[in-house]
Amino acid sequence: MHALKAIVAAIGGLCTAVGPILADNVLDWSEYGTVASALALAAGTVYGVWRVPNKPIG
């Protein structure tokens with residue numbers, strides 16, 4: 001279940017972070033810093049989700 005949580009967090013985080021960057025339909029080198037910071041934050045989010053233990057069922 002850890003992998004599924006991390007995959008969902010990665011997809012949601014990247015869509016949320018990259019959506020505004022691609023809103024103008026132009027991706028050029030002037031947005032490199034924004035893309036890099038969005039990817040770094042998404043990676044941190046995925047790692048945080050991966051490290052949180054699942055609540056035991058039962």
| note | Separation between CG (Leu41) and CG (Leu14), nearest 0.5 Å, reads 10.5 Å
| field | Between CH2 on residue Trp50 and CD1 on residue Ile7, distance to nearest 0.5 Å | value | 8.5 Å
| remark: Members sharing Tyr32's hydrophobic cluster, built from side-chain contacts under 4.5 Å between Ile, Leu, Val, Met, Phe, Trp and Tyr, are Trp29
| query | So, the side chain of Lys5 versus the backbone of Val52: is there a donor-acceptor pair under 3.5 Å, distance only? | reply | yes
